[in-house]
2 protein chains.
Amino acid sequence: MRIGEFARRAGVTARTVRYYESLGLLEPGERQGAGFRYYTEAELARLQKINDLKELGLSLEEIISVVPLYFEDPTRIRGKQKILEILKQHLQETDGKLAALAQFRIELQAKIDRIQQWLEEQTQREGK
Amino acid sequence: MRIGEFARRAGVTARTVRYYESLGLLEPGERQGAGFRYYTEAELARLQKINDLKELGLSLEEIISVVPLYFEDPTRIRGKQKILEILKQHLQETDGKLAALAQFRIELQAKIDRIQQWLEEQTQREGK
DNA sequence: ATTAACTTTGACGTAAACGTTAACTTATTC
DNA sequence: GAATAAGTTAACGTTTACGTCAAAGTTAAT
């Protein structure tokens, strides 16, 4: 498929796709005819995974180092020792974020409960 | 304390402090003498909470709406209904992120285990 | 053949979140 | 009192992640 359909199906713009290619996040799509890029379903899956990782708050630079793990045999990737270190660091950061987000959630819930309860008391006090 | 010490203790720069004040994230520090800002321990606590929320990936704009809840009686804050909606949305987004991060962690751990096991097999195969 | 839709590259613009610099004043230390 | 450190505002610079535009060409449908 061409870049417009590729981008649409992934929920991004063609500009984004060319930008990711320039970063090395996406392979240069196979060029045909007058230089048009053509993409495969496999490449679409990769772009969708990139989107997922972005949603997690990873920067594009971080995604560059992480995304190969989803589409290549990890044992065949170059520089495994280094990747192992990067992964462990990611894991540690992820654990920290999980804990912080869970705490944030508890605090949020408590405040929601408090405001909600107060509003209900106000409503009852108004005789409604 | 003055802005330099205030920033240092919070782990940010004076530029950041002035920027946050311009956004309304921080109260304008009390001015003395020739316009120097002076800050209190309470304001330091607020700045540290802002940092914590930033670490969670919230934008400064989002932090503006969330941070008052930590330092003011939620029932006394203006526009409670609206804040309740914002909080509920945050809670929903936080739950989504928690689930996604947990999944991401599982995937990361699995890949770490796989690479680690392969490396160990390599080492044993080398008779070392 | 015509036309609409799509593509290309390059480059400037935008937003968020500051960093850095300049010019000037004040506070602190010796 | 001099020297040094710290403070002020304003403004331009930087980075990340694109958006938008221009100019020109290609592809696909009719």
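What you see is a predicted model, and the numbers here were worked out from it, not measured in a lab. Below, chains carry the letters A, B, ... as their sequence lines are ordered, and counting in each starts from 1.
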Taking only side-chain N and O atoms of [X], does any of them lie within less than 4.0 angstrom of OP1 or OP2 on [N]?
{"X": "B:Arg2", "N": "C:dT26", "result": "no"}
{"X": "B:Ser59", "N": "C:dA16", "result": "no"}
{"X": "B:Lys54", "N": "C:dC18", "result": "yes"}
{"X": "B:Thr13", "N": "C:dG19", "result": "yes"}
{"X": "B:Arg15", "N": "D:dT8", "result": "no"}
{"X": "A:Tyr20", "N": "D:dC18", "result": "yes"}

Touch class at under 4.0 angstrom, heavy-atom based, for B:Arg8 against every strand present: nothing

Touch class at under 4.0 angstrom, heavy-atom based, for B:Arg37 against every strand present: sugar-phosphate

From C-beta outward on [X], which listed nucleotide comes closest to its side chain: [options]?
{"X": "A:Phe36", "options": "C:dG19, D:dT8, C:dT7", "answer": "C:dT7"}
{"X": "B:Ile3", "options": "C:dA17, D:dC18, D:dG7", "answer": "D:dG7"}
{"X": "B:Thr16", "options": "D:dA17, C:dG19, D:dT26", "answer": "C:dG19"}
{"X": "A:Leu60", "options": "D:dT9, D:dC18, D:dT27", "answer": "D:dC18"}

Option among B:Glu43, B:Glu27, B:Glu21, B:Glu5 that satisfies the salt bridge (Lys or Arg N to Asp or Glu O under 4.0 Å) test with B:Arg37: B:Glu21

Honestly curious: do [X] and [Y] fall in one hydrophobic cluster under the side-chain, below-4.5 Å linking rule?
{"X": "A:Val12", "Y": "A:Tyr19", "result": "yes"}
{"X": "A:Leu91", "Y": "B:Phe104", "result": "yes"}
{"X": "B:Tyr20", "Y": "B:Tyr38", "result": "no"}

Roughly how many Å is it from [atom1] in [X] to [atom2] in [N], rounded to a whole number?
{"X": "B:Tyr38", "N": "C:dA27", "atom1": "OH", "atom2": "P", "value": "6 Å"}
{"X": "B:Glu5", "N": "D:dA5", "atom1": "CD", "atom2": "P", "value": "17 Å"}
{"X": "A:Gln32", "N": "C:dT8", "atom1": "CD", "atom2": "P", "value": "12 Å"}
{"X": "A:Arg18", "N": "D:dA17", "atom1": "CZ", "atom2": "P", "value": "19 Å"}
{"X": "B:Glu30", "N": "D:dT8", "atom1": "CD", "atom2": "C1'", "value": "17 Å"}
{"X": "A:Leu25", "N": "D:dA17", "atom1": "CG", "atom2": "C1'", "value": "12 Å"}
{"X": "B:Tyr19", "N": "C:dA15", "atom1": "OH", "atom2": "P", "value": "12 Å"}
{"X": "B:Met1", "N": "C:dA27", "atom1": "CE", "atom2": "P", "value": "18 Å"}

Residue met sooner reading DNA chain D from 5', once A:Gly33 and B:Gly4 are mapped to nucleotides: B:Gly4

Comparing B:Tyr39 and A:Leu58 on DNA chain D - which has the more 5′ nearest nucleotide: B:Tyr39

5'-most by nearest nucleotide on DNA chain C - B:Glu61 or B:Ala34: B:Glu61

A:Gln103, CD: over 12 other non-hydrogen atoms inside 6.0 angstrom: yes

Charged tip of B:Lys111 within 45° of A:Tyr70 ring normal and under 6.0 Å: yes

